Amino acid sequence: MIKFEYRTSYNHEWQTCGECYAVFSIYSKSISPDKISHILQLNSTEQYMQGEDVSTPWGKTVKSPQSCWFLSSQNKLHSKDLRAHLQWLLDIIQPISFNIKTLQEVSDIQMHIKCIWISRYGDGGPSLWPEQLQQMAFLGLPCYFDFYCQEPMFTEPLVEIPTSRKDWNFGYLTLDHMKKRGWVLE
């Protein structure tokens with residue numbers, strides 16, 4: 001197996017979330033996770049055989065409909081910058097791009113990179129570097145995002161929504177635009 005050490009190509013370490021990680025995911029009904037590891041010359045961080053019992057994030061146990069192979073940065077980095085997690089992943093899979101291309105030729109193989117970003121109250125949003133997008137394009141890997149917001153993000157409304165027309169407060173410009181269009185308050 002090929003061994004890799006984590007290195008970052010970027011010196012910026014921004015705290016853009018409560019938690020984040022990136023996952024390289026491969027799914028197949030015809031190839032086992034062990035065979036995927038052998039072709040890639042890379043071990044997974046998690047894998048499931050088709051038909052194996054798998055626990056969902058909601059605590060339910062289901063049978064895996066296909067074999068699943070995952071390489072995840074979760075619990076590998078302590079960074080709260082999604083770019084660092086994605087770069088960790090790309091630094092590992094970029095050198096085995098030929099092996100990835102070989103797997104992509106299998107008819108029922110599905111593979112992608114998923115970025116998981118969990119917000120704290122008041123955080124900005126995730127960002128990726130253009131070079132990372134280029135690397136994913138070179139590898140032919142789509143990138144998906146899962147966004148989650150931690151409490152109290154949606155527990156208190158930021159603006160009170162008026163319940164009747166008399167509660168609406170129209171500014172001068174809004175009234176002027178309405179007047180130009182022939183609209184009335186009613």
Side-chain angles (χ1 to χ4, degrees), residues 1-10 13-14 16-119 126-148 150:
M1 292 289 158
I2 300 171
K3 291 186 178 182
F4 294 93
E5 290 184 30
Y6 171 70
R7 66 176 169 77
T8 181
S9 301
Y10 310 104
E13 186 62 27
W14 296 348
T16 64
C17 64
E19 182 183 347
C20 61
Y21 56 97
V23 183
F24 176 39
S25 305
I26 302 175
Y27 304 95
S28 176
K29 290 187 177 182
S30 64
I31 300 179
S32 73
D34 290 336
K35 178 86 172 181
I36 292 171
S37 290
H38 178 73
I39 293 169
L40 292 178
Q41 293 295 299
L42 182 65
N43 288 325
S44 65
T45 53
E46 189 175 8
Q47 64 185 37
Y48 303 104
M49 289 289 295
Q50 183 176 359
E52 184 178 337
D53 285 341
V54 178
S55 294
T56 68
W58 304 275
K60 187 176 178 184
T61 301
V62 297
K63 299 271 186 209
S64 180
Q66 55 196 348
S67 293
C68 307
W69 186 97
F70 305 110
L71 178 63
S72 175
S73 69
Q74 188 175 25
N75 301 322
K76 302 288 184 195
L77 301 176
H78 298 291
S79 175
K80 295 190 187 250
D81 186 343
L82 184 58
R83 292 171 296 190
H85 287 265
L86 182 59
Q87 194 60 49
W88 177 87
L89 199 60
L90 291 170
D91 286 346
I92 292 172
I93 65 176
Q94 188 80 40
I96 58 169
S97 62
F98 180 78
N99 304 17
I100 291 170
K101 298 286 184 198
T102 300
L103 268 177
Q104 287 171 330
E105 292 174 6
V106 176
S107 63
D108 79 330
I109 286 279
Q110 299 171 3
M111 61 177 74
H112 62 264
I113 291 177
K114 182 182 281 188
C115 297
I116 292 83
W117 186 82
I118 303 167
S119 172
S127 61
L128 304 178
W129 292 106
E131 297 85 357
Q132 292 174 318
L133 298 170
Q134 288 173 333
Q135 286 178 297
M136 288 185 289
F138 172 78
L139 292 166
L141 295 173
C143 183
Y144 300 99
F145 284 86
D146 280 355
F147 295 97
Y148 302 96
Q150 293 177 344

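Small disclaimer: the values here were computed from a predicted structure and weren't measured.
No donor-acceptor contact under 3.5 angstrom links the side chains of Asn43 and Ser37, judged on distance only.
Residue Phe145 qualifies as enclosed at atom CZ: its count of foreign heavy atoms under 6.0 Å is above 12. Crowding of Lys29 atom NZ: a count of heavy atoms from other residues, nucleotides or ligands under 6.0 Å not exceeding 12.
Rounding to the nearest 0.5 Å gives a distance of 8.5 Å between CD1 of Ile36 and CD of Gln47. Distance CD1/Ile113 to CG/Leu141: 5.0 Å, rounded to 0.5 Å. The line from CD of Glu52 to OG1 of Thr61 is 11.5 Å long, rounded to the nearest 0.5 Å. Expressed to the nearest 0.5 Å, how far NE2 of His85 lies from CD1 of Ile116 amounts to 10.5 Å. Leu89 CG to Ile93 CD1: the interatomic distance, rounded to the nearest 0.5 Å, is 5.0 Å.
Judged as a ring-ring contact (aromatic ring centres under 6.0 Å, His included), and not counting sequence neighbours, Tyr21 has no contacts. Annotation: side-chain hydrogen bond (donor to acceptor under 3.5 Å, both in side chains) contacts of Asp53 (sequence neighbours excluded): Lys63.
Contact record, Val54 with Ser64: CG2-CB, 3.7 Å, taken as the closest heavy-atom pair. When all heavy atoms of Trp69 and Pro33 are compared, the closest pair comes out as CD1-O, 3.5 Å. Contact between Ile31 and Ser67 at its shortest, heavy atoms only, is O-CB, 3.5 Å. Taking all atoms of both residues into account, the shortest heavy-atom contact from Ala84 to Leu77 is O-CD1, 3.6 Å.
The closest side-chain heavy-atom distance from Phe138 to Leu90 is not below 4.5 Å. In this structure the side chain of Gln87 never reaches within 4.5 angstrom of the side chain of Glu131, judged on heavy atoms. Using a 4.5 Å heavy-atom threshold, the side chains of His112 and Tyr27 count as touching. The shortest side-chain heavy-atom distance between Ser44 and Phe70 does not fall under the 4.5 Å cut-off. The shortest distance between side-chain heavy atoms of Phe24 and Ile92 does not fall below 4.5 Å.
In this structure a side-chain-to-backbone donor-acceptor pair under 3.5 Å is present from Gln50 to Pro65.
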Point to revise | Intermediate values then yes/no, side-chain contact (heavy atoms from CB on, under 4.5 Å), Val23 and Gln74 | key: CA-CA 8 Å; Val23 183; Gln74 188 175 25; over 6 Å; no
Review point. Under the side-chain contact (heavy atoms from CB on, under 4.5 Å) criterion, do Ile100 and Ile26 qualify, and how do the steps go?
Key: CA-CA 10 Å; Ile100 291 170; Ile26 302 175; over 6 Å; no
